[in-house]
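Each chain gets a letter, A, B and so on, in the order its sequence line appears, and its residues count up from 1.
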2 protein chains.
Amino acid sequence: MDVTLAAGGAWTDPACPVARTVDLIGDRWSLLIIRDAMDGATTFTEFHQRLGIARNILTDRLRKLVEYGILDKSAATDGRRHTYRLTEAGQDLFTAVVALRQWGERHAFAPDEPHSILVDDQGRELPELHPLGQDGAPLSAEASHVRKTA
Amino acid sequence: MDVTLAAGGAWTDPACPVARTVDLIGDRWSLLIIRDAMDGATTFTEFHQRLGIARNILTDRLRKLVEYGILDKSAATDGRRHTYRLTEAGQDLFTAVVALRQWGERHAFAPDEPHSILVDDQGRELPELHPLGQDGAPLSAEASHVRKTA
DNA sequence: TCCAATAAGTTGCAAAATGCAACCTATCTG
DNA sequence: CAGATAGGTTGCATTTTGCAACTTATTGGA
């Protein structure tokens, strides 16, 4: 299930997709939960240990992410564990996570400061992600604008 | 100036670029301020009117975004106005904003629900943004992983 | 079988962030 | 020089977040 039906509607800006996305995952923890899910975390305890988030807040965020259709919760074969997995919509956040990560790599670390990097199966660093126009050339913010729809 | 030197260091996860980026702009308003800056907003009043944000919070966010090297503040020719403009680092967030926007378009609206779209100078909608591997094929979260650096 | 450990929460209370409305100061305009 | 405009600041109420202790269910081992 997609987000669509969730959250009756107290959107920051009802027609803007950026605002909606921020309303759903624009807090201190949600994106980091999603990041860790992409990196293999599946249980409450795993998320808790990796993030150092307060347990009640983690409970709340996991519940909301499930409600929004970003995570799926199921009982593990284990019996006492639960398993949280990214839905298709959750996996589709990969692009956004990569974009935020690459910006951080470029602008939020000192030149000599160590930081983790994202690599492919062959251990090669990912190419930089940039919006392209229809012609395939990089597109800047000035060369684009928001069009309101009816 | 880049973020690099700002913020003494109470990072959520000191080595993760995603966490750093979220620490800097992962709140309810910063990304929307940046979105509006990309859409042409430059003054305190403009941001306030577009966002409906509380004035003291806007003051605080603008101050932080300037401190982080994302916005630049200058006196307008006007004399009583101030002008906030995206720095190079701020403009470089365009990729992330587009990624979040496109995810929202795909997953946060009902099929028939109207929402704004991002178009280029010729009025054509932007192509979907996706991480690619070195070979140019789309890369999924499973086909990549985080490598810790010393 | 029973008991300690593990997993996933819940609850109560303190602290921090956010929001609202009124107030303040400087500049600009008529 | 008076009113309007721009960009704040301040005090207080509300909401969100965080911490620590407590609860329930399951599980593996003595």
Give a yes/no answer on whether the side chain of Trp29(B) brings an N or O atom under 4.0 Å of OP1 or OP2 in dT18(C). no

Taking the side chain from Thr87(A) and the backbone from Ile70(A), do they hold a donor-acceptor pair closer than 3.5 Å? yes

Quick one: closest heavy-atom pair of Leu129(B) and His130(A), and the distance? CD1-O, 3.4 Å

Parallel, tilted or perpendicular, as decided by the 30° and 60° cut-offs, for the rings of Phe47(A) and Tyr84(A): perpendicular

DNA chain D: 5'-proximal contact among Arg61(A) and Asp78(A) (nearest heavy atom): Arg61(A)

Please say yes or no: joined through hydrophobic side-chain contacts below 4.5 Å, possibly via intermediate residues, are Trp11(A) and Tyr68(A) part of one cluster? yes

Do any side-chain nitrogens or oxygens of His82(A) fall under 4.0 Å of OP1 or OP2 in dG9(C)? yes

May I ask you to verify if any side-chain N or O of Thr59(A) is less than 4.0 angstrom from the OP1 or OP2 atom of dG9(C)? no

Given atom CG of Asp60(A) and atom C1' of dG9(C), what is their separation to the nearest angstrom? 13 Å

Please report the distance, rounded to the nearest Å, between CG in Leu51(B) and P in dG19(C). 11 Å

Distance, rounded to the nearest Å, where Lys64(B) contributes NZ and dT18(C) contributes C1': 11 Å

Do any N or O atoms from the side chain of Thr95(A) and from the backbone of Ala99(B) form a donor-acceptor pair under 3.5 angstrom? no

Note: chain A reaches DNA chain D at heavy-atom distances under 4.0 Å over the stretch, first to last nt, 5' to 3', of dT17(D) to dT27(D)

Mind running side chain to side chain donor-acceptor pair (under 3.5 Å) on Thr59(A) and Asn56(A) for me, showing each step along the way? CA-CA 5 Å; Thr59(A) 300; Asn56(A) 52 343; over 6 Å; no

How many Å lie between CZ on Phe44(B) and P on dC24(C), as a whole number? 18 Å

Comparing nearest nucleotides in DNA chain D, the 5'-proximal residue of the pair Thr77(A), Ile57(A) is Ile57(A)

Of Asn56(A) and Thr83(A), the one whose nearest nucleotide on DNA chain C sits closer to the 5' end is Thr83(A)

Report yes if a side-chain nitrogen or oxygen of Tyr84(A) is closer than 4.0 Å to either non-bridging phosphate oxygen (OP1 or OP2) of dG9(C); otherwise report no. yes

Mind telling me whether His107(A) and Trp103(A) have parallel, tilted or perpendicular rings, with 30° and 60° as the class edges? tilted

When you measure only distances, ignoring hydrogens and angles, does the side chain of Arg81(A) come within 3.5 Å of the base of dA8(C) through a donor and an acceptor? no

Rounded distance (Å) that lies between atom C1' of dA17(C) and atom CZ of Arg63(B): 14 Å

Check the distance between dG19(C)'s P and His48(B)'s NE2 and give it to me in whole angstrom. 11 Å

Establish, with yes or no, whether the OP1 or OP2 oxygen of dG9(C) is under 4.0 angstrom from a side-chain nitrogen or oxygen of Lys73(A). yes

In whole angstrom, give the distance that lies between atom CG of Leu58(B) and atom C1' of dA21(C). 16 Å

